[in-house]
Structure formats: C-alpha cells, structure tokens
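Scroll down for the structure; my scribbles are underneath it.
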Amino acid sequence: MQQDMVLCGARVVDPVNGIDEIREIGIRDGRFAALESLKSPRRVDLRGLVLAPGFIDLHVHLREPGQTHKEDIGSATRAAAAGGFTTVLAMPNTAPPIDTAERVQAVRQAAAERGVVHVLQAGALTLGRAGKELAGYASMQAAGVPALTDDGSTPQDSAVMRAAMQAAAALGLPIVDHCEDIGLSKPGVMHAGATAALLQLPGQPRSAEEAIVTRDIALARETGCRVHLQHLSTAGAVQELRAARQEGLPVSGEVAPHHLFLTDAAAAVYGVNAKMAPPLREESDRQALLAGVLDGTIACIATDHAPHTAAEKAAGWLEAPFGIVGLEAAVPLCLTGLYHTGFLSLSRLVSLFTQGPRELLGLPVGAMTIGAVADVTVLDLDAPHRLKVAEFASRSHNCPYDGWACRGKVVGVLVQGKWTGAAGYGL
Ligand SMILES: [Zn+2]
C-alpha cells in the first residue's frame, strides 16, 4: 500500500464538482480521500501547477494486435501518460479487429500487464468490420466494452446501422461512429477544395461526412440509441449536431485538435502528415468547429491518435495511410490555442477532456470525487516550449507539429495515485 499523500498548493480544476480554486487533495490507497481520513500523509508541494481530473481520450489507435510495428499498448499508453491522458478508449480496427469478447479480454489482459494508463476497449459494430453482420454486443459488453464502433469506416448499408442501433440501445451501449460515406469519399485523399485542385489530388466532399451524420441522427431519433459522432470536420456536420441536441436527441460529438488548428492548406506545408480521415477542411469549417466547442455543441476533444511508420507515410499522397499521432500534442496545442487565446476558460477546456467523455460513456473517472480512483493530470499552464516530435514516447512520429511553439504543458499524471511524469516534483 502507498503512503497516504496530500497534494498541496496547486490550483484544482474539476468541472464535474464545480471546483476551480487552490485546495489540498488527499490520496489514500490509489483513491481520492477526505483529508481528515489520512494517516500521517506525505505532503507534496505543487504550488504554481494545476491539477485536473485525469484526462480521457475517446479516440486512440493502439495498433495492438497486429500492427505493433506502428505502436503497441506499452508505447501508446506511455504516449498517453506523457500527453496527460489517464484513460484512453481504444478503437477496434486492429488486425484482427476486436469483434469478440475473447479479443476484448486479450487487449484488457495486455493492458493490465503493459499499460501505464487505463485502457477501455471499444467493440466492433460488425464482424470483421465488414459492415454486414452485427458482432456479439452482449458478450463484448460483459467483457467490459463501453461503446461500439467500426472506426476507420462505418456500415455503408443503413439497414445494418439501424439494426446495430436497435441492438446497442437495448443494451444501453453507445455507438461512436466514423461518419464517412465511401461512395462519396473514394478515391479522395484530402478535402475537395482549392488545395486539392492545386496539388491535383482527388478530393473528398463534405457530403461524404454529412450524409452519414444525417443518417445517424435520423436513426438515433428512430431507435433511441446513444450516438456519438467521431472527429467532426465540417460546418454542416456541426450544425446538424447542434440541431439534434436542441431537439433533445441522445447525440453528441467530438473534434480532433488537428481540425481545430489546421486547414487543408496544411497539405502544401506538411505533406502527408496533413493526410487524415476525415480530411482537414477549410477555414469556414474550422471556425464552425470552434463555435461548436464554444457553445457546447461539441463536448469532447479526442485525438484520433493514429500512428503510422515513416516508411508507410513515405508512400506519397495517394498511397500513404490516413492519420497522425496526437496524444502528446493535444493538450499543449489546446492550452496554447484555446486557453491562452482567451477563447475558453480553463474549466471549460478541462471539461472537454474530462466531463464530456465521462458523461458520454458513464465512466467513474474524470472527476476528483472522494472515493474515486485517483487519476490526476498535472499541468504547468505557462511553460513556454516547442513540440519535439522526435522525443515523443509514441513508436511512430507522423505528426505535423514538430517545432510548434506552445505555452503550457503536461508535467505528468497520477494513475491510481501512481506518478508517471517529470522528476523533481516530489511525486
Ligand atoms: Zn475514424
């Protein structure tokens, strides 16, 4: 058993409990504990730092099993911890896909042995992610799956998606969906706009995303299924989500940092490290996404951490896989671009990484409630630094942000009261 501990002097920001003040946090046996219950605790002086509930990333590709040349559970969770995340939701589009209870168990076992943060595993919607037959939801739920998705794609047959939503709703399982109509998106490799024309690359129209957003909202209305729209990228999608939420439908959405901070013009600057799905869009879309975050339409920021090797990304625009690593850049980018600009309060920003994901999945983490597992993200709000992709803990370094100047960084995390992070803080 660890010695009891009191974290002293830091500003504590916990949106779920309505806390934003300097106060002491007690930890006993890996859980938040009332100060008066502690026995001769060790006092740790964290003056000048911010403590938040451990951040939750709803969209991470661990690449295990089957693609461990890109990433594995050890490297991905070390990247998560370095980036300030104490819980990740792993996407099931591995090789093979996670579409049975046995495969869920295998990931959970590996995460228990080699993971340094909590790993939640999403289950596939359809067997083999082939979009035809539903996977066994009840058995995967019993194995610990908190959500279902075919991320990387979505069932193209809307009748399959309706059946999936009916089955998921009956179990109270949310569906988190990658909104892409491949009849409209293929063979596009970036947003269908001026930059695609300039680079003479095939584009993906906004309708490829919006057609599925519209479908999913209609099916959520019909089935009552809890639906979460992943990595939104277009102004139209944000508007549809806003209207659906105003209607009271059980629909939510997330945005990735790259869609908040980059546009399709980045393709001409960063090459294939600006190739992702859905693609970077135009400034008007970026502004609409920011507005969606500001007014609460979008309640979660998720990284869509998608590791690929340098060799894979070197295949060029047409052949290279979609995606960038995001775990170690997201929080510094958001502190710099959303908080220090005055766009969001610190509490609102923390909420996007804690309260939003917690409420979507009904998780017991994401708040510093007495008795809860003591997951804490420790931030130095003002530290100036540059992102150094070569120093990322992730096995892959496909990322456009190398050298970006940031203000504010992650000092480390406590996972169940155990410190992973920079030395010298007495933790
Ligand atoms: Zn996706």
Side-chain angles (χ1 to χ4, degrees), residues 56-63 66-67 70-71 76 88-95 97-99 120-126 128-131 135 145-156 161 164 174-186 188-191 204-213 215-216 227-234 237-238 241 251-260 262 272-281 285 289 298 300-308 312-313 320-327 330 357 360-361 396 398-399:
I56 303 160
D57 187 349
L58 289 180
H59 201 137
V60 173
H61 297 278
L62 301 178
R63 303 302 190 208
Q67 298 174 314
K70 299 174 192 268
E71 192 80 287
V88 296
L89 180 64
M91 295 296 107
N93 59 337
T94 47
I98 309 301
D99 59 0
L120 302 170
Q121 177 63 58
L125 276 174
T126 61
R129 293 179 52 252
V145 155
L148 302 165
T149 179
D150 269 357
D151 183 44
S153 58
T154 186
Q156 299 297 298
M161 192 52 144
I175 288 180
V176 300
D177 199 29
H178 169 115
C179 299
E180 179 180 350
D181 182 324
I182 60 172
L184 297 172
S185 64
K186 294 227 177 309
V189 295
M190 64 175 295
H191 170 65
Q204 298 186 5
R206 295 182 180 89
S207 57
E209 176 166 325
E210 292 163 359
I212 299 295
V213 167
R215 175 194 77 172
D216 284 359
V227 176
H228 177 74
L229 307 171
Q230 296 180 292
H231 43 46
L232 294 173
S233 75
T234 78
V238 177
L241 174 60
V251 182
S252 58
E254 75 191 23
V255 64
H258 44 265
H259 290 119
L260 292 177
L262 294 169
V272 291
N273 279 334
K275 179 179 179 182
M276 52 275 282
L280 300 171
R281 303 282 182 185
D285 299 290
L289 291 163
I298 296 169
C300 307
I301 294 177
T303 66
D304 195 6
H305 177 80
H308 298 292
E312 289 164 332
K313 276 293 199 183
F322 293 91
I324 61 172
V325 294
L327 282 168
L360 168 69
L361 297 182
S396 293
N398 50 309
C399 181

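Counting convention: from 1, in listed order, for ligands and their atoms alike. Count residues from 1 along the sequence.
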Checking Ser396 side chain against Asn398 main chain: does a donor-acceptor pair fall under 3.5 Å? no
Looking at Asp181 and Arg215, is there a salt bridge between them, counting it only when a charged N and a carboxylate O are closer than 4.0 Å? no
Can you name the N/O/S atom of His178 that is nearest the Zn ion (ligand 1)? ND1
To make sure I understand the geometry: which N, O or S atom in Asp151 is closest to the Zn ion (ligand 1)? OD1
State whether a side-chain donor-acceptor pair under 3.5 Å links Arg281 with Thr234. no
Identify which one of Glu180, Met190, Gln230, His259 satisfies the side-chain contact (heavy atoms from CB on, under 4.5 Å) criterion when paired with Pro278. His259
His59 near the Zn ion (ligand 1): N/O/S under 2.8 Å: no
